[in-house]
> 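What follows is a structure written as structure tokens; I'll ask about it next.
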There are 2 protein chains.
Amino acid sequence: MDHVTRILDQWHRERPDLDVAPMGLLGRLGRLHAHLSREIEAELAAHGLNRASFDVLATLRRAGHPHRLSPGDLLAATMVTSGTMTNRIDQLEKQGLVERIAHPEDRRSVLIGLTDKGFATIDRAVTAHVANQHRLTAALTAAEFEALDALLSRYLSAFEEKG
Amino acid sequence: MDHVTRILDQWHRERPDLDVAPMGLLGRLGRLHAHLSREIEAELAAHGLNRASFDVLATLRRAGHPHRLSPGDLLAATMVTSGTMTNRIDQLEKQGLVERIAHPEDRRSVLIGLTDKGFATIDRAVTAHVANQHRLTAALTAAEFEALDALLSRYLSAFEEKG
DNA sequence: TCCAATTATCTTGACGTCAAGATATTCGGA
DNA sequence: TCCGAATATCTTGACGTCAAGATAATTGGA
């Protein structure tokens, strides 16, 4: 019996009027996310990164040459607010991993570019990160993996438009 | 094509050496968690609570009469550090939802008890919260719900001991 | 041409969390 | 009985995030 099941049992005893089946599913998803996040953060720390800085560098890296995007582009890719993105860029700039470059056509804007050091760092980090993700999903059989991925994708579609 | 699929396509183009299937599954789980968390926080705010305070009150409520637990007990139930729990209790105490009571047998410890106001608040909030969870899982058919819950449970067992 | 609306980014102040360590009490072996 | 180890909670300082709003530049209609 897992942690979430115990919680459901307690609710059933104290508030039998509640149907807590959705709480079970959402609770398991939440705890799973917490465990996975912890593991991923620990691995990224070995590269001097956290999830926040990794996500920004990864977004620039996978955008392809010349590895430059505006803060607004980065914002659209990461589910955070503009103030958070400003702070993330500030930290990465201090570490010498990205640089702010004047936008050639719009003086309101700016381009965030990977430095050579930033490129080397993210390429190393993403290789290790992907290996870690394989490790973290190794507990699932191939069939379970496919089924879970399909269900998550299906569920996610309720929150994100299909394009 | 969802947001995560676009990310995988980009990695495939830029780093074809990486097998990003696990990134897809973990990315979908992460985004789903983010969407669900946002919805749940918004609903709890209507009761003057956030996820943190709700979890503490809910733990006390479902523990049953006399609705008192030590900070250590609360800690074991919530995946946070001791400093975080101290802060949560402080905030709830300020709001008059819980009270600190001297532990009768161990002067190092203390009991956190629901006040009448705290009891009324959590009973109202959990009813609304459960209704909201039903809404948030309504996109899934009964079969999908069962399959997803089973797979999450199975995956979670890789991180939490069975008892 | 002008200026109000829009767009893009940054600033500010508050909040929740964590890691590390401080403080106080209890436990248990010599 | 004594005292070092263990236990329980709290404190401190740093960090990442958000909401709201400030600043600056661009756009488009009159």
Side-chain angles (χ1 to χ4, degrees), chain A residues 30-31 33-35 37-42 44-45 48-57 59-60 68-95 97-113, chain B residues 30-31 33-35 37-42 44-45 48-57 59-60 68-95 97-113:
Chain A
R31 285 188 74 91
H33 181 262
H35 287 295
S37 291
R38 201 163 288 189
E39 295 277 349
I40 286 170
E41 289 278 357
L44 293 178
L49 302 174
N50 58 21
R51 186 74 214 217
S53 50
F54 176 86
D55 280 350
V56 174
L57 295 181
T59 302
L60 292 170
R68 292 180 181 180
L69 294 171
S70 71
D73 293 334
L74 293 169
L75 219 46
T78 48
M79 288 185 93
V80 297
T81 62
S82 64
T84 297
M85 187 54 67
T86 297
N87 183 51
R88 288 185 178 188
I89 294 166
D90 286 349
Q91 300 312 311
L92 288 168
E93 201 173 25
K94 274 183 201 160
Q95 296 177 68
L97 301 176
V98 306
E99 56 190 347
R100 280 184 167 92
I101 302 161
H103 193 294
E105 292 163 9
D106 186 340
R107 276 184 298 178
R108 291 171 303 179
S109 189
V110 70
L111 288 175
I112 312 303
Chain B
R31 285 188 76 90
H33 182 262
H35 287 295
S37 290
R38 202 163 286 189
E39 295 278 349
I40 287 169
E41 290 277 357
L44 294 178
L49 301 175
N50 58 20
R51 186 75 216 215
S53 50
F54 175 86
D55 280 349
V56 173
L57 295 181
T59 303
L60 292 170
R68 292 181 181 178
L69 294 172
S70 71
D73 294 335
L74 292 169
L75 219 47
T78 47
M79 286 184 96
V80 298
T81 61
S82 64
T84 297
M85 186 54 68
T86 297
N87 183 51
R88 287 184 179 188
I89 295 165
D90 287 348
Q91 300 312 312
L92 288 168
E93 202 174 24
K94 275 184 200 158
Q95 295 178 68
L97 301 175
V98 305
E99 55 190 346
R100 279 185 167 92
I101 302 160
H103 193 294
E105 291 164 10
D106 186 339
R107 279 185 296 179
R108 289 170 304 181
S109 190
V110 70
L111 289 174
I112 312 302

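By convention in this document, chain letters (A, B, ...) are assigned in the order of the sequence lines, proteins followed by strands, and residues within each chain are numbered from 1. Not measured: the values here are computed from a predicted model.
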> For DNA chain D, determine which residues of residues 70-83 of chain B have any heavy atom closer than 4.0 angstrom to one of its atoms, and list them numerically.
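Within residues 70-83 of chain B, the residues near DNA chain D are B/S70, B/P71, B/G72, B/S82, B/G83.
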> Nearest heavy-atom pair of A/A77 and B/R31: which atoms, and what distance?
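The pair with the smallest heavy-atom distance is O-NH1, 4.3 Å.
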> Strictly below 4.0 Å: does A/N50 bring a side-chain N or O up to OP1 or OP2 of D/dG16?
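A/N50 to D/dG16 OP1/OP2: side-chain N or O found under 4.0 Å.
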> Could B/R51 and B/D55 be called an ion pair, given the rule that one side-chain N must be under 4.0 Å from one carboxylate O?
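So B/R51 pairs with B/D55 through a salt bridge.
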> Check whether B/S109 reaches the backbone of B/D106 with its side chain - one donor and one acceptor, N or O, closer than 3.5 Å.
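Flag not set: sc B/S109 to bb B/D106 has no pair under 3.5 Å.
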> Testing the basics here: between A/I112 and A/L60, what is the closest heavy-atom pair and its distance to 0.1 Å?
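Reported closest heavy-atom pair: O-CD2, 3.4 Å.
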> Between the protein and nucleotides 1-7 of chain C, are there any N/O to N/O pairs under 3.5 Å, and if so, what are the atom names and distances?
{"from": "C/dT7", "atom 1": "O2", "to": "A/R108", "atom 2": "NH1", "distance (Å)": "2.8"}

> To the nearest 0.5 Å, tell me how far A/L57 CG sits from A/L44 CG.
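CG of A/L44 is found 10.0 Å from CG of A/L57.
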> Working to the nearest 0.5 angstrom, can you tell me the gap between A/F54 CZ and A/T59 OG1?
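Going from the CZ atom of A/F54 to the OG1 atom of A/T59 covers 9.0 Å.
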> By nearest atom, which of the nucleotides D/dC10, C/dT9, C/dT26 is closest to the B/V110 side chain?
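From the listed options, D/dC10 comes nearest.
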> Whole Å only: how far is the CD1 atom of B/I112 from the P atom of D/dA8?
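Nearest whole value for this atom pair: 14 Å.
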> By the 4.0 Å heavy-atom rule, please label A/T84 as base, sugar-phosphate, or nothing.
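A/T84: base contact, heavy atoms under 4.0 Å.
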> Side chain of B/S109, heavy atoms from C-beta onward: which of D/dT17, C/dA8, D/dA8 has the nearest atom to it?
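It is D/dA8.
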> A/L92 and A/S53: which non-hydrogen atoms are nearest, and at how many Å?
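Answer, listing the atom of A/L92 first, then A/S53: CD2-CB, 3.6 Å.
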> Does this structure show an ion pair linking B/R68 with B/D73, if we count only N-O contacts that are shorter than 4.0 Å?
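A salt bridge is absent here (no side-chain N lies under 4.0 Å from a carboxylate O).
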> Cut-off 3.5 Å, side chains only: do A/N87 and A/T84 have a donor facing an acceptor?
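No, no side-chain donor-acceptor pair sits under 3.5 Å.
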> Which residue, A/E105 or A/R51, contacts DNA chain D at a nucleotide closer to its 5' end, judged by nearest heavy atom?
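Whichever sits nearer the 5' end wins; that is A/R51.
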> Return the residues of residues 88-95 of chain A meeting this criterion: a heavy atom under 4.0 Å from some atom of DNA chain C. Order them by number, or give none.
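Result for residues 88-95 of chain A: none.
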> So if I take every side-chain heavy atom of A/R107 and compare against D/dA25, C/dT25, C/dC10, which nucleotide ends up nearest?
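From the listed options, D/dA25 comes nearest.
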> In whole Å, what is the span from the CZ atom of B/F54 to the P atom of C/dG16?
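Taking CZ of B/F54 and P of C/dG16, I get 16 Å after rounding.
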> Please give me the minimum heavy-atom distance between B/Q95 and B/G48, naming the atom from each residue.
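B/Q95 and B/G48 have their closest heavy atoms at OE1-O, 3.6 Å.
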> So which one's nearest nucleotide on DNA chain C is more toward 5', A/N87 or A/D106?
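Its nearest nucleotide lies further toward 5', so the answer is A/D106.
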> Would you mind reading off the distance between A/M85 atom CE and D/dC18 atom P, rounded to a whole angstrom?
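That distance rounds to 10 Å.
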> To the nearest 0.5 angstrom, please state how far the CD atom of B/E93 sits from the CZ atom of B/R100.
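Atom-to-atom, B/E93:CD and B/R100:CZ are 4.5 Å apart.
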> Tell me whether the OP1 or OP2 atom of D/dC10 has a side-chain N or O from B/R100 closer than 4.0 Å.
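For D/dC10, OP1/OP2 do have a side-chain N/O of B/R100 under 4.0 Å.
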